[in-house]
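Worksheet: the structure to be examined is printed underneath.
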Amino acid sequence: MKTRKKLIAVLKSLNYYLVFFLLIAFVITCCLTLFVTLLSQSLNIDFTEAQISTAAKATFINVVFISAMATVLDGLRRHFFINRPVQKITEAAEKITKGDFSVRIDPVYVGANDAHLNKIIDCFNKMAQELSGTETLRTDFIANVSHELKTPLAVMKNYGTLLQQPDLPEEKRMEYAKAVCESSRKQASLITNILKLNKLENQRLFPVAERYELSEQLRKCLLGYEYVWEQKNIDISADIAEDVFVRADSELLSLVWNNLLSNAFKFTPEGGSVALSLKSDEKYITVSISDTGCGIPPEVGKHIFEKFYQGDTSHSAQGNGLGLALVKRVVDIMKGSISVESEVGKGSTFTVRLSREDV
Ligand code: ADP
């Protein structure tokens, strides 16, 4: 089957060369006929039959030779300057279809076609890079999800086994039962976050826009952390502009404020402070959440919006690295922006800016 295909391909390329050869031969013959006719007319020469026959034979041989040379030269040009680079691209594309996204093509230097071919090659390399990035994200995501799901399950299993001990003191029984509850809560929150993120990323979660008072929502969200700031003796300052209304999905936006606030309280040590501000002008609504926590080093800052990324492992048990990924996705959907300013040891400020036109 393969040899038959190859044979057909060879015959097809021979067909091309034959057509090219005949075309060149036809053009040369026409030119020569015209030239000889015009020359004999202007010089008024009458050729004998023998002379015509000898000249015709010599001309025929020359036409065949020149056409054959032109065909060979064109064949070489096509082979090196077109077929080879195209074959390289085809082979690389075949590798991609088989799942090898590491393939890249070197630029080619083939004279006049350079620019076009190299543009195709450049686009191809970018596509391969994108695909390999997506593939890495996919495999990392699966590995991360499996790991994150297994950890609380293992904890539940261990404490479940301990709970089965006979004559367990009441105090221990409560302790183990609490640990099981905490682990199941963590797992439920992880699954909820994964599902939400998945829905947001696949555009299956349709924001329900309603007009509501953002100032009120921010105040409520902040109050939800009263028990934390009292427990950690954190100083609170709120500078919330009154009567700021937005048209947005309140549930999605409350997810943003809650994630940013919970991080601010989580990373701020006892006796620190957290500030929340809401400002509004004709163009933008700006919400800032500042803390005097541990701060974010620049190399960590680059990754904080990635899924499952946890820069500060000392607090890893209290989160799953999905909070800021969710926040970023929601802010993107609202066509807003989020930025971070942070200094290690001094604290961080997360600023969300929403355009008045979009909310
Ligand atoms: P999680 O809080 O569950 O670890 P997030 O996605 O909310 O996940 O945050 C990712 C990382 O960003 C955190 O692990 C932490 O390193 C960093 N981070 C986020 N908010 C703050 C903050 N207010 N102060 C210091 N680091 C922060």
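Every number for a ligand or one of its atoms is a count from 1 in the order of the listing.
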Within a distance under 4.0 Å of any heavy atom of Tyr309, pick out the atoms of ligand 1 and give their elements. 10 (C), 11 (C)
Given Asp291, which of Pro269, Ser273, Ser342, Ser348 fulfils the side chain to side chain contact (heavy atoms under 4.5 Å, CB included) condition? Ser348
Option of least heavy-atom distance to atom 21 (C) of ligand 1 (set: Phe305, Phe308, Phe267): Phe267
Does a side chain donor of either Thr48 or Gln51 reach within less than 3.5 Å of an acceptor in the other side chain? yes
One residue to check: Asn259. Relative to ligand 1, which of side chain, backbone, both or neither has a non-hydrogen atom less than 4.0 Å away? neither
Cation-pi check for Tyr16 against Arg78: NZ or CZ below 6.0 Å from the six-membered ring centre and within 45 degrees of the axis, yes or no? yes
In terms of atom number and element, which parts of ligand 1 are under 4.0 angstrom from non-hydrogen atoms of Lys266? 1 (P), 2 (O), 3 (O)
Got more than 12 heavy atoms from elsewhere within 6.0 Å of CD, Glu49? no
Can you tell me if Lys307 uses its side chain to pair, donor with acceptor, with the backbone of Gly321 under 3.5 Å? no
List every atom of ligand 1 that sits less than 4.0 Å from any heavy atom of Leu324, numbering the atoms from 1 in the order shown and giving each element. 5 (P), 6 (O), 7 (O), 9 (O), 12 (O), 19 (C)
Could you tell me if any non-hydrogen atom of Gly321 lies under 4.0 Å from any atom of ligand 1? yes
